[in-house]
Amino acid sequence: MCLLCYVRIQLTFIYFELVMKNNKEQSQMKLNGLFVAIAVFLLSLPCAFAATATWYVSPDGTGDGTSENSPTNSINGAITAAVAGDTIILAEGEYLLTSQVTVSKKLTITGAGRQKTILRQTASGSRVMEITANSTVIQKMGITGGFATNKNDPHGAGILCTSSSSVRIEDCDIYDNGHNLSHINGIGVRLNTATLLRCRVYNNNVNNKGTNVAGGGVHMTTGTIKDCIIYGNKACRSAKKGETDHGAGGGVCVEGNGKVYNCTIVGNTDTTINYSGGGGGISFTTSGFTMVNTVVAGNSASSSVRDYDNAVSYKCNLTEDAVSNRIFNCAFDSGCYLGVDSVQLTKSLDELFESFGDDEIIYHPKENSGLVDSGNSTKYELSSTDIYGVARVTGDAVDIGAVERNSVYERAMFITSSFENLGAPVPAYGMFTACTEGEETVFSATGEYIASDLKTKYKVSGYKVYTNSTDGVEVLDCSGTGDSFSYEYKGVVTRVEWQWEPSAYLVKSSVSALGGGTVSPVETGVNDGDDIVLAAEPSPGYIVSSWTGDLPSTATLSDKSLSWKVTSPVDAVIAFTSETNETETAVLHVAGWTVNGTSQDGE
């Protein structure tokens, strides 16, 4: 019950109690004073007492967003309609943005998954999202296509967080954002007193535009990066030859009291030249940071003086001891010996992590990588799961990095990205299912796929599970029909391949010249194997002369229609002619209609 309703009920009880005592004058005086007092009290109440609402958004929505059956297609419109404390649900699909999404209220905005709900910026020179409100939660979506060109507002091409406290960005992919400015902090994300949790930040600034970039993936002042994978990002700093300072931080730049916990920072680049900095993986500017259980490997720096500059850089006024005292149970390559109880890595990325294909972003540690059971389980409050939802801790201690060992991440392909990839083992987009050895896991592939020619729709018809034999050769383990199956993981699965089959086709019809008549339906989708009838309606004084197009040989003609069983897309064209046209009339009277150039007997 809301507070206002409760107060009204109490007032009613008081009123009747006083009336029952037959002291109306006294009751009126008391009520007047009580109403004034309560009115003042209610005006002072915070909005938290108001009921919260849920708003719905879909890429093809046409409603007002007040219900799941009436979604709007405008994210900013839903934000405008919402009040602080509300929730906005973004349905699966790609949202082609033409302006920045600005979150100026305390909201929870939730998508359907990091690769299911995609916010793609299409406006030139615009970031994807800016968060200005405290206590906002952004979760389960992809953020891509942001490009910073405004020198007065340059930071965070993907997400810019300018709020002062308690923002959470969870279970998101932030990728392929860029800029062409001379100064920018955080191309993928710029955080201020915010938490980045279970996110993947990758391939930001891959074109290496602009100069003086700090934090190609993430730039953070205060806040926390936790259980995240940060890879393939680029940064650089402009500096005069011989300058000595901190590097740019190809993956992450921490310029305050930021915390980095259980992250995987790999394959990032600092392209600064004429400079003795470095910091291909991560860069620090103050001694207030903390880094725990994080692997920094396979990163590179164009300017490298110290052995470990490819991995880590720190501001020149910091001592090595000061930096080491803020790093606990981390793993470094490039000869980096910073930190307490750190692990020294001498292996390549391929030797550290399981290989699942070039397009996959998993970084699952191998058993002998040095990352397994090497973390600190008490230095900070661990998350209950890793980035992919697997429970921490599964071994003797927490693993170093964003991904916990003792489980394997297999591909559960829910949809392919292009016509050429139908049924292929490596689609451009997919989702991962965590499997625990000896337990049943349900794999499912929901949704349908429309081919690039927009004429054929496909559905999942079955599956194949492949495993590695004892000699390392991939073999078919099992297969079946349907779009879902349960499988007991035995530790040898390499991939799940979904099989696709046509489910519906587009049938279109048109008139070769306007004025002679009409045909219907003009355009319709027909399920595979269903019958279709195209009906012609000649204008007065006209008759049907021919049907042409990619019609099947099994098509059946009648007086004013054409019908067949649909097994492929069809684009049919009907021609009408005037009844006074002797040539066409003769053809019709003698031989009937012409279909694809072949005379047919008419009725």
Side-chain angles (χ1 to χ4, degrees), residues 58-63 69 93 415-416 418-419 422-423 445-462 481-483 499-603:
S58 173
D60 55 358
T62 58
N69 295 326
I415 196 166
T416 58
S418 68
F419 182 80
L422 289 175
T446 58
E448 293 179 306
Y449 174 74
I450 299 177
S452 58
D453 61 4
L454 303 181
K455 294 182 178 181
T456 304
K457 182 184 288 188
Y458 291 83
K459 66 179 181 181
V460 174
S461 60
T481 59
D483 59 6
Q499 309 300 301
W500 298 78
E501 68 178 15
S503 61
Y505 304 98
L506 182 67
V507 176
K508 298 174 66 176
S509 60
S510 60
V511 179
S512 61
L514 297 178
T518 60
V519 62
S520 63
V522 174
E523 183 175 306
T524 186
V526 183
N527 290 332
D528 183 48
D530 284 0
D531 293 327
I532 180 70
V533 178
L534 299 184
E537 187 61 41
S539 298
Y542 284 83
I543 57 176
V544 176
S545 62
S546 67
W547 293 87
T548 57
D550 47 4
L551 301 172
S553 59
T554 56
T556 301
L557 295 169
S558 63
D559 186 22
K560 296 180 181 179
S561 67
L562 186 68
S563 62
W564 71 95
K565 189 179 295 295
V566 176
T567 58
S568 64
V570 168
D571 196 343
V573 179
I574 185 173
F576 297 98
T577 187
S578 171
E579 290 182 306
T580 61
N581 187 320
E582 296 182 359
T583 303
E584 292 294 338
T585 303
V587 173
L588 288 168
H589 289 170
V590 174
W593 294 353
T594 300
V595 179
N596 287 346
T598 302
S599 296
Q600 305 288 323
D601 290 333
E603 294 182 0

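Given the structure is predicted, the values throughout are model-derived calculations rather than measurements.
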Kindly list each side-chain donor-acceptor pair under 3.5 angstrom involving residues 506-527, sequence neighbours excluded, with atom names and distances?
residue: Ser509; atom: OG; partner: Pro521; partner atom: O; Å: 2.5

_Contact summary for Trp547 and Ser561, nearest pair of heavy atoms_ = CZ2-C, 4.5 Å
*asked:* Under the salt bridge (Lys or Arg N to Asp or Glu O under 4.0 Å) definition, can you give me all pairs with a residue in residues 531-543, not counting sequence neighbours?
replied: Asp531-Lys565
Side chains of residues 566-576: which donor-acceptor partners sit under 3.5 Å, not counting sequence neighbours?
none

*If you round to the nearest 0.5 Å, how far is CG of Asp530 from CH2 of Trp564?*
12.5 Å
*Supply the atom-to-atom distance Ile543 CD1 to Lys560 NZ, rounded to the nearest 0.5 angstrom.*
11.0 Å
*Mind checking side chain to side chain donor-acceptor pair (under 3.5 Å) for Tyr505 and listing every partner two or more places apart, or none if nothing turns up?*
Asp528
*With sequence neighbours left out, write down each residue that passes side chain to side chain donor-acceptor pair (under 3.5 Å) with Asn69, or none if nothing qualifies.*
none
